[in-house]
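FYI, the numbering just counts along the sequence from 1.
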Amino acid sequence: QVQLVESGGGLVQAGGSLRLSCVASGGTFSIMAMGWFRQAPGKEREFVSGINWVNINKWYAASVKGRFTISSDNAKKTVYLQMNNLKVEDTAVYYCGGPLTQARGAWVADYWGQGTQVTVFS
């Protein structure tokens, strides 16, 4: 069993920045990659970014590439998402997910955190 706990969400003006953190505990020895997803009201959950914390490969959704940066601290089993130049359309509940894998071309995760709200206002 893997437990994921996110933190760092909040309210920010467009153009601002936030940093999300996700701490993993439990059966983390089996995890190779972790990711961030988000779900806006009335929309399906979507992939935002992922990182393989063994070879440090990183993946980004086109909508956030160049603005968001994912990183990890393997010793702390923590994954971060630095979000810069935030836009109103980034408003969503952000979820940490892992282990991160691909199924039929889509990023998926077996375990999820409770989510953290990010609200961007103009």
Under 3.5 Å donor-acceptor, [X] side chain and [Y] backbone:
X	Y	answer
Thr78	Lys76	yes
Thr91	Val120	yes
Asn74	Trp53	yes

Review point. How far apart are the C-alpha atoms of Trp36 and Val79, what are their side-chain angles, what is the distance that settles it, and do they pass the side-chain contact (heavy atoms from CB on, under 4.5 Å) test?
Key: CA-CA 9 Å; Trp36 288 96; Val79 177; 3.5 Å; yes
Return the minimal non-hydrogen interatomic distance between [X] and [Y], and the atom names on each side.
X	Y	result
Gly115	Glu6	N-OE1, 2.8 Å
Thr116	Gly9	OG1-N, 3.1 Å
Ala40	Ala92	N-CB, 3.8 Å
Gly98	Ala109	N-CB, 3.4 Å

Can you hop from [X] to [Y] via hydrophobic side chains spaced under 4.5 Å?
X	Y	result
Val2	Leu100	no
Phe68	Ile56	yes
Tyr60	Tyr94	yes

Exercise for review: Could you tell me if the ring centre of Phe37 sits under 6.0 Å from that of Trp112?
Suggested key: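 Centroid separation for Phe37 and Trp112: below 6.0 Å.
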Find out whether [X] and [Y] are in side-chain contact, i.e. whether some heavy atom of one side chain is under 4.5 Å from a heavy atom of the other.
X	Y	value
Met83	Ser17	no
Ser25	Lys77	no
Asp90	Arg67	yes
Tyr80	Leu20	no
Gln1	Tyr111	yes

Exercise for review: Check the pair Tyr95 / Gln39 against side-chain contact (heavy atoms from CB on, under 4.5 Å), numbers first and verdict last.
Suggested key: CA-CA 8 Å; Tyr95 297 91; Gln39 187 166 18; 4.2 Å; yes
**Study point:** All side chain to side chain contact (heavy atoms under 4.5 Å, CB included) counterparts of Val5, not counting sequence neighbours
**Key:**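 Scan of Val5 (side chain to side chain contact (heavy atoms under 4.5 Å, CB included), adjacent residues dropped) gives Gln114.
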Check your understanding: Out of curiosity, Gln13 CD to Thr119 OG1, how far, rounded to the nearest 0.5 Å?
Key ->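 Interatomic distance, Gln13 CD to Thr119 OG1, rounded to 0.5 Å: 13.5 Å.
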Practice item. With sequence neighbours excluded, tell me which residues meet salt bridge (charged side-chain N to carboxylate O under 4.0 Å, His left out) with Arg19. Key: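 Salt bridge (charged side-chain N to carboxylate O under 4.0 Å, His left out) list for Arg19, sorted by chain: empty.
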Could you go through residues 44-51 and list every donor-acceptor pair under 3.5 Å that involves a side-chain atom there, pairing it with any protein atom two or more places apart or in another chain?
unit_1	atom_1	unit_2	atom_2	d
Glu46	OE2	Arg38	NE	2.6
Glu46	OE2	Arg38	NH2	3.2
Ser49	OG	Trp59	O	2.9

Review point. When Leu81 is tested against each of Thr69, Ile70, Leu18, Val64 for side-chain contact (heavy atoms from CB on, under 4.5 Å), which residue passes?
Key: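 Answer to the side-chain contact (heavy atoms from CB on, under 4.5 Å) test with Leu81 among Thr69, Ile70, Leu18, Val64: Ile70.
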Exercise for review: Please step through side-chain contact (heavy atoms from CB on, under 4.5 Å) for the pair Cys22 and Met34, ending with a clear verdict.
Suggested key: CA-CA 9 Å; Cys22 172; Met34 296 284 294; 4.2 Å; yes
